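Computed from a predicted structure; not experimentally measured.
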Amino acid sequence: QVQLVESGGGLVQAGGSLRLSCLASGRTFSSYAMGWFRQRPGKEREFVAAVGWGGGNTYYADSVKGRFTISRDGAKNTVYLQMNTLKAEDTAVYYCSADHGRAGYYTYDYYSSKSSYAYWGQGTQVTVSS
């Protein structure tokens, strides 16, 4: 079992930055691919970014590419999402997720699919005012 706790959400003006953190506990953090998803009001949960179990491979939705950066710190069991140049349409609840922990090598389709992730955090609200 893996427990995920997000933090770092809040209210920011358009053009500003926020950094989300996700603390993982329970099992070997390094073997899990980690993802960030978001759910905007009235919309389905959507993929934002992911990082492979080794930390070397990162994946992004087109809507955030060039503005958001995902990273992980194995020593702290934490994954981060640095969000820059925020837009009003980035307003959403952001969820951290972890896959099944089999430390495999997969395609973008795998990392961007909600069904690939077995564990989810409770979410943190990000509100961008225009």
Is R45 positioned over the aromatic face of F37, cation under 6.0 angstrom from the ring centre and no more than 45 degrees off axis? no

ring-ring contact (aromatic ring centres under 6.0 Å, His included) with F47: of W36, Y108, Y60, only one passes, and it is Y108

Could you tabulate the donor-acceptor pairs under 3.5 Å formed by side-chain atoms of residues 49-59, not counting sequence neighbours?
| residue | atom | partner | partner atom | Å |
| --- | --- | --- | --- | --- |
| W53 | NE1 | A103 | O | 3.2 |
| W53 | NE1 | G104 | O | 3.2 |

Hydrophobic cluster membership, with links at side-chain heavy-atom distances under 4.5 Å among I/L/V/M/F/W/Y: are Y32 and Y111 in one?
no

Practice problem: Would you check if the side chain of T69 reaches a backbone N or O of Q82 as a donor-acceptor pair within less than 3.5 Å? | Solution: no

Applying side-chain hydrogen bond (donor to acceptor under 3.5 Å, both in side chains) to S115 and not counting sequence neighbours gives S113

With C22 as partner, the option from T78, T124, N77, V79 fulfilling side-chain contact (heavy atoms from CB on, under 4.5 Å) is V79

d(S116 OG, H100 NE2) to nearest 0.5 Å is 7.0 Å

### Message
Hydrophobic clusters here meaning ILVMFWY residues chained together by side-chain heavy-atom distances under 4.5 Å, can you tell me if Y80 and V48 are in one?
### Response
no

Note: S97 and Y117 closest approach over all heavy atoms is OG-CD2, 3.3 Å

Sorted by chain and number, sequence neighbours left out, side-chain hydrogen bond (donor to acceptor under 3.5 Å, both in side chains) with S17 holds for N84

message: side chain to side chain contact (heavy atoms under 4.5 Å, CB included) for L20 and Y95? Distances and angles first, verdict last.
response: CA-CA 10 Å; L20 305 183; Y95 296 91; over 6 Å; no

The complete set of disulfide (SG to SG under 2.5 Å) pairs with one or both residues in residues 99-130, sequence neighbours excluded, reads none

Give a yes or no on whether the backbone of T91 and the side-chain of T127 come within a donor-acceptor separation of less than 3.5 Å. no

Pairs under 3.5 angstrom only: tabulate donor-acceptor contacts from the side chains of residues 3-15 to other protein residues two or more places apart or in another chain.
| residue | atom | partner | partner atom | Å |
| --- | --- | --- | --- | --- |
| Q3 | OE1 | S25 | OG | 3.4 |
| E6 | OE1 | Q122 | N | 3.0 |
| E6 | OE1 | Q122 | NE2 | 3.3 |
| E6 | OE1 | G123 | N | 2.9 |
| E6 | OE2 | C96 | N | 2.8 |
| E6 | OE2 | G123 | N | 3.2 |

Side-chain heavy atoms under 4.5 angstrom apart, residues restricted to Ile, Leu, Val, Met, Phe, Trp, Tyr: same cluster for V93 and L23? no

So salt bridge (charged side-chain N to carboxylate O under 4.0 Å, His left out) across residues 84-103, not counting sequence neighbours, yields R38-D90, R67-D90

Of all heavy-atom pairs linking S30 and R72, the shortest is CA-NH2, 4.0 Å

Between Y94 and L81 the two heavy atoms that sit nearest each other are CD2-CD2, 4.2 Å

Rounding to 0.5 Å, atoms OG (S130) and CG (L86) come to a distance of 12.5 Å

When rounded to the nearest 0.5 Å, the distance separating CD of Q39 from CD of E46 is 9.0 Å

